[in-house]
Amino acid sequence: MNSTEKPTLLVALGGNALVRKGQIGTIEEQFENLRVPISQVARLCREYRIIITHGNGPQVGNLLLQQECCDDVPKMPLEILVAQTQGQIGYMIESTLDSELMRQGIATAKPLVSLISYVVVDEGCPAFLNPAKPIGPVFPQERVHTLPYPVRNTEKGYRRVVASPEPLTIVEKNEIMRLIDLDFIVICCGGGGIPVVREGRSFSGVDAVIDKDLASARLAQEVGVDIFLIATDVQGVAIHYGTPDQVFLKSLTLADARSYLDKGQFPEGSMMPKVVACSRFLSGKGKRALITSIASIEAALSGQAGTEILCE
Ligand code: ADP
Ligand code: MG
């Protein structure tokens with residue numbers, strides 16, 4: 001099959017693709033965990049042109065903690081930390097994928113690349129007036145007044161909060177399109193992308209983090225992806241999640257999604273951005289949107305697992 005005849009698939013990997021709940025996140029654990037989604041992606045590249053995006057919560061959290069523990073070197077702003085995690089996780093995905101392609105006998109024909117990615121946000125986005133996304137370590141209450149940034153008392157304790165603005169556009173979208181047309185597997189938009197604002201013809205980084213599901217949906221729309229798949233640590237979308245009435249849904253329509261969102265079924269920090277991301281993708285030209293577990297990417301594509309969001 002000519003590469004441009006193959007449908008395009010974007011797989012957005014959640015943080016648990018690298019560090020599972022209960023693990024401390026040693027490098028051995030992270031490489032081992034990655035083999036689960038990446039062996040599936042390696043098989044899928046025969047059938048699809050593929051883009052991989054990924055979260056960075058645990059990794060950026062560790063970098064922030066390292067910064068808090070050491071005053072001997074200058075502290076770096078968030079944009080730099082996000083860039084560091086794109087390099088770190090991009091390398092881990094690339095090398096795991098390379099080994100898997102080799103193991104499956106696909107390697108010689110299959111180029112792959114990970115791309116440092118900028119995502120443009122608007123300085124006027126209301127999120128900047130109300131930093132609400134907790135990141136990094138938990139601080140003892142007595143340290144809170146010494147910290148040079150906004151802090152909130154969250155479920156886990158006192159944590160730094162940053163703005164999570166809307167992703168407007170992916171700066172490298174044209175390069176990504178050209179690469180996938182050449183049948184490169186492209187790893188990009190790590191951690192939701194490096195948040196930048198446009199200043200004339202140049203960009204400058206801002207202290208914020210962009211939700212990786214929303215950034216992935218934006219990329220999927222801009223590149224014209226056919227299938228958008230979010231892989232996380234639950235089997236799909238449930239209603240009454242975490243209660244005795246919990247039911248995982250095999251599918252839900254855009255109208256159902258809207259109504260469950262309005263009823264508060266999907267929390268802001270976890271399932272809400274995934275359902276919103278899928279809804280935005282399908283409201284554009286997207287064909288299929290799926291939310292499934294890291295272990296069931298292939299099964300979800302063949303309708304055997306996960307939750308599919310349907311136009312009607
Ligand atoms: P990721 O790193 O993949 O983005 P998140 O923690 O942000 O993971 O989102 C996945 C989590 O969403 C699950 O672990 C689950 O606890 C939570 N969740 C909240 N509401 C729901 C729901 N209605 N259905 C399924 N999972 C839900
Ligand atoms: Mg998340």
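All values below come from the heavy atoms of this structure, side chains included, with hydrogens, waters and symmetry mates left out. Remember, it's 1-based here, ligands and their atoms both numbered in the order they're listed.
- The protein atom (non-hydrogen) at minimum distance from atom 23 (N) of ligand 1 is A238 O, 2.7 Å.
- Side chains of R218 and Q221: a donor-acceptor N/O pair is present below 3.5 angstrom, by distance only.
- Atom 8 (O) of ligand 1 has as its closest protein heavy atom T232 OG1, 3.4 Å.
- In the model, S117 has no side-chain atom that pairs as donor or acceptor with a side-chain atom of Q86 under 3.5 Å.
- Near F266, with a cut-off below 4.0 Å to any heavy atom, the atoms of ligand 1 are 23 (N).
- Against a heavy-atom cut-off of under 4.0 Å, G269 is close to the following atoms of ligand 1: 7 (O).
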- [ ] Could you walk me through whether V234 and Y241 pass the side-chain contact (heavy atoms from CB on, under 4.5 Å) test, one step at a time?
- [x] CA-CA 11 Å; V234 277; Y241 182 73; 3.6 Å; yes
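- At least one heavy atom of G236 sits closer than 4.0 Å to an atom of ligand 1.
- For CD of E312, the number of neighbouring non-hydrogen atoms (other residues, nucleotides, ligands) closer than 6.0 Å is 12 at most.
- K110 has a carboxylate O that lies under 4.0 Å from a charged side-chain N of D183, or vice versa, which qualifies the two as a salt bridge.
- Residues D256 and T253 have side chains that bring a donor and an acceptor to within less than 3.5 angstrom of each other.
- Taking every non-hydrogen atom of P267 and a distance limit under 4.0 Å, the qualifying atoms of ligand 1 come out as 19 (C), 20 (N).
- For the pair G15 and ligand 1, the shortest N or O to N or O distance falls below 3.5 Å.
- Note: F139 and Y149 have tilted aromatic rings, judged against thresholds of 30 and 60 degrees for the angle between ring planes.
- Using a 4.0 Å cut-off between heavy atoms, V234 contacts ligand 1 through its side chain alone, with no backbone atom that close.
- Counting atoms of ligand 1 from 1 in the listed order, those under 4.0 Å from a heavy atom of D233 are 10 (C), 11 (C), 13 (C), 14 (O).
- Ligand 1 has K274 within reach: a non-hydrogen atom of the residue lies less than 4.0 Å from it.
- Other residues, nucleotides and ligands place no more than 12 heavy atoms under 6.0 Å from the CD atom of E123.
- Under a 4.0 Å N-O distance rule, the pair E68/R160 does not qualify as a salt bridge.
- Considering only non-hydrogen protein atoms, atom 5 (P) of ligand 1 sits nearest to S270 CB, 4.0 Å.
- Under a 4.0 angstrom heavy-atom cut-off, P273 registers as lying outside contact with ligand 1.
- Nearest to atom 26 (N) of ligand 1 by heavy-atom distance, out of Q235, H240, M271, is M271.
- Atom numbering of ligand 1 starts at 1 in the shown order; those under 4.0 Å from a heavy atom of G14 are 1 (P), 2 (O), 3 (O).
- Taking a 4.0 Å cut-off on heavy atoms, K212 registers as neighbouring ligand 1.
- For atom 15 (C) of ligand 1, the nearest protein heavy atom (residue, atom name, distance) is Y241 OH, 3.2 Å.
- The K21 neighbourhood of ligand 1 comprises atoms 14 (O), with distances under 4.0 Å to a heavy atom of that residue.
- Taking the side chain to side chain donor-acceptor pair (under 3.5 Å) definition, one finds that T53 meets it with S216, sequence neighbours left out.
- The distance from ligand 1 to the heavy atoms of Q265 drops below 4.0 Å at these ligand atoms: 23 (N).
- With 3.5 Å as the limit, one finds a donor-acceptor pair spanning the side chains of Q104 and E100.
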